[in-house]
Amino acid sequence: MSFTTVLPSSNSKLFKNTTPMSKKHKFKPQFGRNENDRKSSGSGPSHSPAKRPMPPPQAHSTPPRKKARLSNGVASAIQEQRRELPIARGREALIREISANEVTVLIGETGSGKTTQVPQYLLEAGLAQAGMIGITQPRKVAATSLAARVSLEQGTPLGGCVGYAVRFDERAGPDTRVKYLTDGMLTRELLGDPLLSRYSVIVVDEAHERTLRTDLLLANLKRILRERNGSGKQKENPLKVVVMSATMDAEKFSRFFNDAKILYVKGRQHPVKIYHTSQSQTDYIDSAMRTFFQIHVDQPPGDVLIFLPGQEDIESLQKSLEMFSRQLPIDFPTVLIVPMFAALQASQQQDVFKPTPKGSRKCILATNIAETSITIPGVRYVIDTGKSKEKRYLAGPTGSGFDTLLTRDITKSSAMQRAGRAGREGPGFCYRLYTEDAFKQMAAAPEPEILRCSLVQAILQLMCVGQDIQELELMDSPDDDAIISALKNLFIIGAIDDKRRLTPLGRVLASFPLEPAHARAVVASKDLGCTSEILDIVSVLASSSKLFLDVSDKRSEIADVRRKLVHPSGDHLTLLNTVRGYSTVGIADASTQENGKAGRNARREWARQHFVNERTLREAANIRDQLRVSCERAGFDWKVSCGDAEEPVLLALSHGLAQNAALITPDGTYKQTAGQQIVKIHPSSTMADKKVPAIIFDELVYTNQIYARGVSSIQKSFLASLGAFNTRKA
DNA sequence: TGGGGATTT
C-alpha cells in the first residue's frame with residue numbers, strides 16, 4: 001500500500017527535495033537552506049566594527065563565599081561543562097569589554113551560555129564588590145531555574161551568593177551577589193529605589209522580546225546611568241548595563257544607549273536544515289498534515305513539533321491526524337498526537353514531556369507556548385505554519401478600547417526561534433509552510449508590547465514616581481491617541497483629576513498589584529461592605545490562566561456539573577461561587593497534617609470534577625493573600641463581607657468597570673455606553689444569549705466580532721449612580 | 001457559539 005493513497009489531497013508532496021529513507025537519491029537543495037551555514041565561523045566574541053582601545057582587566061578578588069557540599073567529582077564535572085560552553089573562550093574579552101564600557105550590548109545565539117556565564121564572569125572578576133549583579137528575565141520560570149543552575153555552578157546554596165526574586169517567591173539574602181529576577185520585579189524595585197543603588201550591574205536578558213516591562217526598565221536604566229555615572233558626578237557608585245538579545249535589534253539597542261559597544265557570541269545549536277515551500281499554501285492545516293505524513297513515512301525516527309496559531313486549529317488538526325494515522329500500514333511506527341497550549345489541563349500538559357515509547361513517533365501540536373516558554377525534548381522535526389495569534393489593544397477616544405486577537409504572519413525572529421526548536425539535541429529539520437520570499441517579507445521582530453497594549457496601568461505607575469510617559473526616553477514611544485485614551489480612563493475611575501494630576505485615590509489604586517479598574521472595585525468595596533467578595537473575584541481575574549477548563553468533547557458533561565456554580569447575574573458571581581465552593585472542600589478536618597493532605601486531595605478532586613483549573617485557583621489564592629496585605633496598608637478591612645447579598649458586589653465592580661458597560665437596544669443587541677460599539681456576549685459567558693437591560697464586562701475582544709468577556713447583569717440605575725458615568729456624560 | 005503567550009512592593 002502506497003502512502004499517497006492514504007491521504008485525500010497528497011498527490012503532490014509539499015517538500016519534494018527531502019531525502020526519503022527508502023530512496024537514497026542524491027540530495028539537491030532547491031530552496032532548502034541551513035541558516036547555521038551563514039553564521040560566522042569564528043568562536044568567542046567578535047567585535048563590532050568600531051574597535052576601541054581596551055583597558056587592562058581590572059584587578060579584583062572574588063568575595064569569599066560559603067561553599068555548598070558537593071563531591072569533588074561532581075564539582076569538577078560542572079566546571080568542565082562551563083569551560084566547554086561556546087562563550088567560555090571569550091571570557092577574558094567579555095570581562096575586559098564590560099569593565100571598560102558603561103553599556104554593552106551582547107548578542108548571544110541560543111546555547112552560547114550567555115545567561116548563566118556572563119553574571120559569573122562579572123562576579124569572578126570582582127564587579128559585584130559594591131553592589132549586586134541583577135539579571136532580568138521576562139518569565140518567572142526562567143529566573144528561578146537559571147538561579148538554581150548558577151548557584152550549583154558556584155557551589156553555593158541557592159539564596160546564598162546566587163539568588164532570585166519573582167512574585168510570590170524569593171530566595172535571596174544578605175550574601176546574594178548575583179540575583180536573577182523578572183523584569184517586572186526590578187521595575188517594581190524602582191518605586192522604592194529610583195536609582196537601583198543596590199546594583200552595580202544590571203543585565204537585561206531577552207531584551208529582543210521588548211515586553212512592556214523591559215521597555216520601561218530600559219528607559220529607567222538610561223536615566224539612572226545619567227544620574228549615577230553622569231559627568232561631574234562623583235561616580236562613587238557607578239552602574240553598568242549589559243543588554244542581551246537575539247541578533248535582530250542589536251543596532252537599535254546600541255543606538256538607544258549612545259552607540260554602545262556590540263559584542264557577538266556564537267551559539268551552540270545543532271544545525272537545522274530549513275525547507276520552504278515552492279508555492280504559498282492556502283490551507284495550513286492541510287499542508288501541515290501532509291507534511292507530517294511525508295516526514296513520518298520518509299524520515300528516520302524523531303519527534304515532530306507543529307506550530308499552530310491556537311486551540312481551535314490544534315484540535316482540528318489533531319482529529320485529521322488521528323483519522324489518517326489509523327489508515328497507516330500496520331508496520332509503520334504508531335503516531336502519538338499530543339496537543340500543547342496554555343489553557344490545557346496541567347495533567348495533559350505533562351504528556352509532552354513523557355518519553356516517546358519505542359516504535360512510535362510523537363507529534364506535538366503547539367501554540368507559541370513551545371517557542372519560548374517550554375522546551376520539549378526529543379524534537380527533531382519542526383513544521384512551521386508561519387502563523388500565530390496576536391493580541392493588540394486598540395485604544396478608543398472615550399477611554400475604553402478593545403483587544404483584537406487575530407491570526408497573523410509571524411516575524412523572522414519568531415520563525416528562527418521555531419526552527420531552532422528542532423536542533424536542541426541533534427541535527428534537525430524545519431519545514432516552513434511558506435515560501436522563502438514570504439520569509440524575506442516578514443517583519444524582523446514583533447512590535448514592542450508598549451505599542452500594542454493598554455497603557456492605563458503603566459501610566460498610573462509612572463505617575464506615582466513622578467514620571468511622564470510623554471517625557472520618558474523610551475526606545476519606542478506610544479501614540480498620543482493611546483496615551484490620551486489611557487488618561488481618560490484614569491480620569492473616569494478617579495485616579496487623576498481634570499488637570500491630569502494624580503489624585504489621592506489614584507495613589508491608593510496604584511498601591512494594589514492590580515489593573516486600575518480592578519483596584520477601583522476593591523476600593524469601592526470598602527464603603528459597600530463587600531471587600532472579601534471583591535478580593536475573591538479580582539484575584540481570579542488577575543490570574544494568568546483561565547478558571548474554567550473546556551474540553552470540546554465533554555461539553556454537555558461540563559455544563560451539567562457547572563450548573564450548580566452558575567449564578568443568575570453572570571460571570572463574576574459565578575467566579576465567586578467557584579472560589580468559595582473550592583475553598584470549603586476538605587476544610588472541616590484540616591486540623592492534622594494527615595487531614596490537611598486529605599483536604600488537598602479532596603480539593604483537587606473537586607476541581608477535576610467541576611472542570612476547574614486548580615492552578616488558577618492556587619495562583620488566585622496567592623494574589624488574594626497579597627491583596628489582603630495591600631488592603632491592610634491602605635487601611636481597610638479585607639474581612640468585611642456582605643454575606644449572600646449580590647447587589648453590593650455588582651455595584652463595587654461597576655465602579656471599576658464603569659467604562660465597560662453596555663445597554664440593551666430595542667433589537668436585542670448590546671451597545672456600549674462609552675462609545676457606539678455594538679458588542680456581543682462571548683459564547684463562553686454564562687450570560688450568552690441572555691437579554692438583560694444592562695451589563696458590565698471585563699474586556700472586549702475582537703476575533704470575528706466584538707465580544708464582551710466576563711459579563712454580569714447589573715441594574716441600569718447602577719450606571720447612573722456612578723460619578724464617573726455622570727462626569728463622562730457631562 | 002469560541003479562548004496566542006507572559007507579568008506586578
Side-chain angles (χ1 to χ4, degrees), chain A residues 136-143 165-170 181-193 206 209-217 307-316 340-344 366-374 385 387-392 403-408 410 414 417 446 449 452-453 457-458 460-461 464-465 510-516 518-519 539 542-552 555 559 613 619 622-623 626-627 629-630 633-634 680-685 687-689 698-699 701-705 707-710:
Chain A
T136 70
Q137 295 292 322
R139 282 166 291 281
K140 293 207 283 190
V141 59
V166 300
R167 193 185 188 186
F168 306 128
D169 192 10
E170 176 160 10
L181 66 180
T182 48
D183 44 19
M185 202 73 173
L186 195 58
T187 315
R188 273 294 184 182
E189 281 190 25
L190 280 168
L191 298 185
D193 179 8
E206 312 284 7
E209 290 190 23
R210 301 293 306 277
T211 67
L212 174 66
R213 286 162 197 83
T214 300
D215 273 17
L216 291 175
L217 182 61
F307 282 101
L308 292 148
Q311 181 176 350
E312 193 183 1
D313 287 330
I314 288 174
E315 286 172 350
S316 137
M340 182 72 207
F341 46 90
L344 205 63
T367 60
N368 265 353
I369 194 170
E371 207 178 286
T372 47
S373 302
I374 60 158
T385 58
K387 304 280 179 188
S388 72
K389 283 202 182 177
E390 193 183 284
K391 209 170 187 176
R392 180 178 289 265
D403 283 307
T404 61
L405 186 57
L406 301 172
T407 300
R408 311 179 97 227
I410 59 169
S414 190
Q417 183 74 23
E449 190 184 5
R452 295 186 286 121
C453 70
Q457 191 173 11
L460 180 61
Q461 281 174 355
C464 283
V465 291
S511 73
F512 287 91
L514 288 173
E515 284 171 36
H518 294 153
S539 58
S543 297
S544 53
S545 36
K546 293 257 178 302
L547 181 59
F548 295 113
L549 296 162
D550 228 329
V551 187
S552 348
R555 198 161 283 185
N613 191 345
E619 187 185 353
N622 277 331
I623 295 171
Q626 202 180 36
L627 294 177
V629 176
S630 301
R633 286 196 188 132
K680 193 170 177 358
I681 297 177
H682 195 275
S684 66
S685 169
M687 292 298 294
D689 303 323
D698 294 326
E699 58 177 357
V701 180
Y702 175 81
T703 48
N704 41 50
Q705 318 184 54
Y707 288 108
R709 285 207 293 214

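Side chains are part of it too, since the values below use all heavy atoms of this structure and drop only hydrogens, waters and symmetry mates. All figures in this text were calculated on a predicted structure; none of them were measured in a lab.
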Nearest-angstrom distance from the residue atom CZ of A:Arg408 to C1' of B:dG5: 15 Å

Mind checking the CD-CG spacing from A:Glu390 to A:Asn368? Nearest 0.5 Å is all I need. 9.5 Å

Distance check: side-chain N/O of A:Lys140 vs OP1/OP2 of B:dT8, anything under 4.0 Å? yes

Taking atom types as they are modelled, would you say the side chain of A:Arg188 forms a donor-acceptor pair with the base of B:dT8 within the 3.5 Å cutoff? yes

Looking only at the side chain of A:Lys389 (C-beta and beyond, no hydrogens), which of the listed nucleotides B:dT8, B:dT7, B:dG4 gets closest? B:dG4

Any donor and acceptor pair, going by atom type alone, linking the side chain of A:Ser316 with main-chain N or O of A:Glu312 inside 3.5 Å? no

Does A:Gln626 place a side-chain N or O at less than 4.0 Å from the phosphate oxygens OP1/OP2 of B:dT9? yes

Please answer whether the main-chain N or O of A:Gly310 pairs with a side-chain N or O of A:Thr367 as donor and acceptor at a distance below 3.5 Å. no

Output yes when a side-chain donor or acceptor of A:Arg452 lies under 3.5 Å from a complementary backbone atom of A:Lys391, and no otherwise. yes

Mind checking if A:Arg633 touches a base, just sugar-phosphate, or nothing, with heavy atoms under 4.0 Å? nothing

Please report, rounded to the nearest Å, how far the P atom of B:dT7 is from the CD1 atom of A:Ile623. 11 Å

Length of the CD-P vector between A:Glu209 and B:dT7, whole Å: 11 Å

Of the listed nucleotides B:dG3, B:dG5, B:dT8, the one nearest the side chain of A:Ile369: B:dG5

If you draw a 6.0 Å radius around CG in A:Asn704, do more than 12 non-hydrogen atoms from other residues or ligands fall strictly inside? yes

Find the distance A:Gln457:CD to B:dA6:P and express it as a whole number of Å. 18 Å

Taking for A:Glu312 and for A:Ser543 the nucleotide of DNA chain B with the nearest heavy atom, the one nearer the 5' end belongs to A:Glu312

A:Arg213 side chain: which of B:dT9, B:dG2, B:dT7 is closest? B:dT7

Taken to the nearest whole Å, CD/A:Glu515 to C1'/B:dT7 is 11 Å

Side-chain atoms of A:Met185 come closest, of B:dG2, B:dG5, B:dT9, to B:dT9

If you measure from CZ on A:Arg392 to CG on A:Asp403, what distance do you get to the nearest 0.5 Å? 11.0 Å

Looking at B:dT7, I'd like to know if its phosphate oxygens (OP1 or OP2) sit under 4.0 Å from a side-chain N or O belonging to A:Ser544. no

Find the distance A:Asp313:CG to B:dG3:P and express it as a whole number of Å. 11 Å

Among B:dT9, B:dG3, B:dT7, the nucleotide that comes nearest once only the side chain of A:Arg139 is considered: B:dT7

Testing B:dG5, B:dT8, B:dT1 for proximity to the side chain of A:Tyr707, the answer is B:dT1

Closest to the 5' end of DNA chain B, once A:Asn704 and A:Ser545 are matched to their nearest nucleotides, is A:Asn704

Side-chain N,O (A:Thr407) to OP1/OP2 (B:dG4) below 4.0 Å: no

Where the side chain of A:Thr182 is defined as all heavy atoms beyond and including C-beta, which of B:dG4, B:dT7, B:dT9 is the nearest nucleotide? B:dT7

Look at all strands and tell whether A:Ser388 reaches a base, only sugar-phosphate, or nothing, counting heavy atoms closer than 4.0 Å. nothing

Candidate nucleotides B:dT8, B:dG3, B:dT1, ranked by approach to the side chain of A:Pro683 - the nearest: B:dT1

Using the side-chain heavy atoms of A:Gln461, tell me which of these nucleotides is nearest: B:dT8, B:dG5, B:dG4. B:dT8

Figure out the CD/P separation between A:Gln311 and B:dG3, and round it to whole Å. 10 Å

Describe the nucleic acid contact of A:Gly192 in one word from base, sugar-phosphate, nothing, applying a heavy-atom distance below 4.0 Å. nothing

Are A:Thr703 and B:dG3 close enough that a side-chain N or O sits under 4.0 Å from OP1 or OP2? yes

Show, in sequence, the C-alpha distance, side-chain angles and deciding distance for A:Thr372 and A:Gln417, and conclude whether the side chain to side chain donor-acceptor pair (under 3.5 Å) test is met. CA-CA 8 Å; A:Thr372 47; A:Gln417 183 74 23; over 6 Å; no

Over how many whole Å does the gap from A:Gln705 atom CD to B:dG3 atom P extend? 10 Å

Look at all strands and tell whether A:Ala342 reaches a base, only sugar-phosphate, or nothing, counting heavy atoms closer than 4.0 Å. sugar-phosphate

Does A:Lys546 reach a base, just sugar-phosphate, or nothing at all? Heavy atoms under 4.0 Å. nothing

